[in-house]
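A short write-up of the structure that comes next.
Counting starts at 1 for both ligands and their atoms, following the listed order. One-based numbering along the sequence shown.
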Amino acid sequence: MPSTFAVDLEKMSRTANTGLVLLLAVFGAAGYLVSFYFHFVTVALFLLVLLNLYWRYGQTSHTLLANFGFLAQTRYIVESVGPEFRQYLFASDTEERPFTRVDRAEVYRKAKGIDSSEAFGSLLDFDRDEIKLRHSFYPVDKKDLEPFDVAVGASRGLDTTFHIRRPMMISAMSYGALGQNAVRALARGAKLAGTVMNTGEGGHPKYHLMEGCDLIFQMGTAKFGVRTEDGLLDEDKLSALATLDQVKMIEIKLSQGAKPGKGGLLPKEKVTAEIAELRGVPLGHDVISPAHHIECKCPASTAQFISRVQHVSGLPTGIKFCLGRPDEFRTLVQEMKRQDTLPDFITVDGGEGGTGAAPKSFMDHLGLPLFEALPIVHRILEDEGVRDRLVMFASGKLISPGRQLEALSLGADVAYSARGFLLALGCIQALQCNRNTCPVGITTHQPHLQRGLDIADKARRVANYVGALHHDHVELLAAMGKSSSRLLTQENVYLPTGGPVSPASQELS
Ligand SMILES: Cc1cc2nc3c(=O)[nH]c(=O)nc-3n(C[C@H](O)[C@H](O)[C@H](O)COP(=O)(O)O)c2cc1C
């Protein structure tokens with residue numbers, strides 16, 4: 001039985017549609033009898049009546065408009081501004097996705113150099129599903145903490161071994177996904193903070209190089225910047241790039257958490273003439289990278305390819321992937337051991353990772369979450385006896401010091417973030433990275449939107465953010481009774497029984 005309070009849409013729309021015509025008549029008469037100025041409204045109403053007739057009888061693609069006309073249009077308008085209304089007025093501080101207001105506020109405060117202490121109590125849950133860090137009865141004196149220092153390439157005895165001195169680096173984001181002001185602000189901020197920035201898979205890192213920071217050059221599956229006409233590795237281009245003083249490491253992207261099994265995607269709206277030139281692609285088309293490197297068809301060819309990049313570049317070289325099947329990873333590690341060639345680092349990207357653009361079904365359904373994948377990758381490397389021959393980076397919503405130390409306890413050596421740094425630049429989570437319309441000028445190439453992003457100001461925020469994260473890293477480590485993050489193990493986190501980390505890890509036993 002219909003509810004007594006149900007809205008009678010048909011009656012409302014009849015009233016609205018008739019009311020519109022009546023209003024037109026009233027204003028028409030007033031314009032004629034009282035003052036000519038009423039005709040301004042008459043004209044507007046006349047156009048609306050014509051539009052209403054078109055919606056009702058002229059178009060066929062929207063059933064609601066055909067059935068209810070003008071009234072249905074108000075529904076579309078309200079629906080289109082719904083996200084903004086919810087974000088500003090109705091969503092609670094812990095509700096929004098991917099990052100809640102509480103998450104974002106912490107980054108904004110750190111980036112602005114505002115004290116982030118709070119009163120009364122945590123806004124987060126303290127139920128049985130939360131991963132928490134374990135503190136110690138015997139905190140370490142902060143002055144006894146070892147300086148953060150992770151050496152990449154040391155186990156191969158490379159002259160080019162690189163020392164990472166901050167627990168947090170800027171994860172891959174290309175010039176293309178980001179506008180030039182954003183890239184330059186991040187690069188300048190990285191230089192100020194003494195951290196490292198990944199170039200993303202955008203080809204020659206023109207804007208990344210401008211600000212003097214240390215870089216990890218990313219080679220995506222399309223190999224922009226270092227490829228031959230056929231999409232294979234161009235060794236001359238790679239070795240030329242590797243001689244650039246700022247390029248310290250090479251990351252071969254096998255896959256990415258937001259779209260594992262699919263290559264990078266840059267929508268055509270964001271392909272400017274300069275980007276097309278830097279990547280060597282035509283204008284006016286979406287830029288879609290292959291799902292995998294042509295050279296990497298099986299464990300043997302993948303191991304050979306990594307070794308080849310190591311030798312051509314002479315730099316510490318690693319791979320980035322999102323974990324799918326642990327058995328495939330184990331086989332790859334075994335093959336690497338057989339060929340006696342291991343990457344210098346591995347980047348594990350969680351399925352919850354961000355992207356400039358990806359198909360929704362890939363974002364939502366593929367790839368293990370970071371806190372599932374890390375212990376699995378760590379354990380396979382240990383089982384195979386090679387964990388101490390390489391360094392592990394991790395990414396996937398590691399935007400707070402607590403989450404970073406949790407990742408370090410679960411097996412990582414250094415945390416990476418992309419979206420944490422976008423928030424530091426002033427990202428308001430408008431979710432428009434794929435449209436070239438980013439309102440805060442970060443993921444857009446439109447000059448009028450980039451105008452407001454002041455490179456010097458935002459670079460300071462990036463540096464403040466890294467500084468504050470490092471400060472909290474030290475404080476938390478001391479409270480956990482550890483003199484170095486190297487000493488962290490799974491024992492240092494509380495993993496809820498039946499919670500996020502256990503089920504996939506069981507695949508190993
Ligand atoms: C705007 C944007 C562009 C990205 N571009 C790349 C890319 O070029 N290559 C890549 O491997 N990952 C790319 N990523 C993924 C990030 O490097 C990172 O792996 C992922 O977002 C997880 O980190 P987060 O949760 O801190 O954002 C991009 C992410 C964002 C948000």
Any Gly264 heavy atom less than 4.0 Å from ligand 1
no
Applying a 4.0 Å heavy-atom criterion (strictly less than), which segment of Glu352 is in contact with ligand 1: side chain, backbone, both, or neither?
neither
I want to confirm something. Looking only at heavy atoms, which of Gly176, Ala177, Ser171, Ala172 is nearest to atom 4 (C) of ligand 1?
Ala172
With nothing but distance in play, are any N or O atoms of Arg419 less than 3.5 Å from an N or O of ligand 1?
yes
Checking a contact table here: which protein heavy atom is nearest atom 8 (O) of ligand 1, and how many Å away?
Glu201 N, 3.2 Å
Salt bridge check: are Glu406 and Arg134 linked by an N-O gap of less than 4.0 Å?
no
Please step through salt bridge (charged side-chain N to carboxylate O under 4.0 Å, His left out) for the pair Asp115 and Arg109, ending with a clear verdict.
CA-CA 7 Å; Asp115 172 23; Arg109 283 173 158 194; over 6 Å; no
Would you please indicate yes or no on a ring centroid separation below 6.0 angstrom for Tyr175 and His208?
no
Closest to atom 19 (O) of ligand 1 among Gln256, Lys320, Lys259 (heavy-atom distance):
Lys320
Face-on cation placement of Lys262 at Phe362 ring, 6.0 Å and 45° thresholds:
yes
Could you pull out, from Ser417, Gly353, Cys438, Ala415, the option with a heavy atom nearest to atom 26 (O) of ligand 1?
Ser417
Step by step, would you call Gln310 with Asp344 a side chain to side chain donor-acceptor pair (under 3.5 Å)?
CA-CA 9 Å; Gln310 283 176 325; Asp344 300 291; 3.1 Å; yes
Between Arg387 and Asp413 (salt bridge meaning N to carboxylate O under 4.0 Å), is one present in this structure?
yes
Table please: side-chain donor-acceptor pairs of residues 178-186 below 3.5 Å, with sequence neighbours left out.
from	atom 1	to	atom 2	distance (Å)
Gln180	NE2	Tyr207	OH	3.4
Asn181	ND2	Gln450	O	3.1
Asn181	ND2	Leu453	O	3.4
Arg184	NE	Glu211	OE2	2.7
Arg184	NH2	Glu211	OE2	3.0

Would you kindly specify which portion of Met173 sits under 4.0 Å from ligand 1, judged on non-hydrogen atoms: side chain, backbone, both or neither?
both
For Asp349 and ligand 1, does the shortest N/O to N/O distance drop below 3.5 Å?
yes
Closest approach of any protein heavy atom to atom 31 (C) of ligand 1, naming residue and atom:
Thr355 N, 3.6 Å
Does Lys397 qualify as a cation-pi partner of Phe99, given the criterion of NZ or CZ under 6.0 Å from the six-membered ring centre and within 45 degrees of its axis?
yes
Among all protein heavy atoms, pick the one closest to atom 9 (N) of ligand 1 and tell me residue, atom and distance.
Gln218 OE1, 2.8 Å
Taking only heavy atoms of Gly200, which atoms of ligand 1 are found under 4.0 Å from at least one of them?
8 (O)
Hey, looking at atom 15 (C) of ligand 1, which of Ala357, Gly354, Ala418, Gly350 has the closest heavy atom?
Gly354
Min N/O separation Lys397 to ligand 1 under 3.5 Å
yes
Using the test salt bridge (Lys or Arg N to Asp or Glu O under 4.0 Å), find all partners of Arg419 that sit at least two apart in sequence or belong to another chain.
none
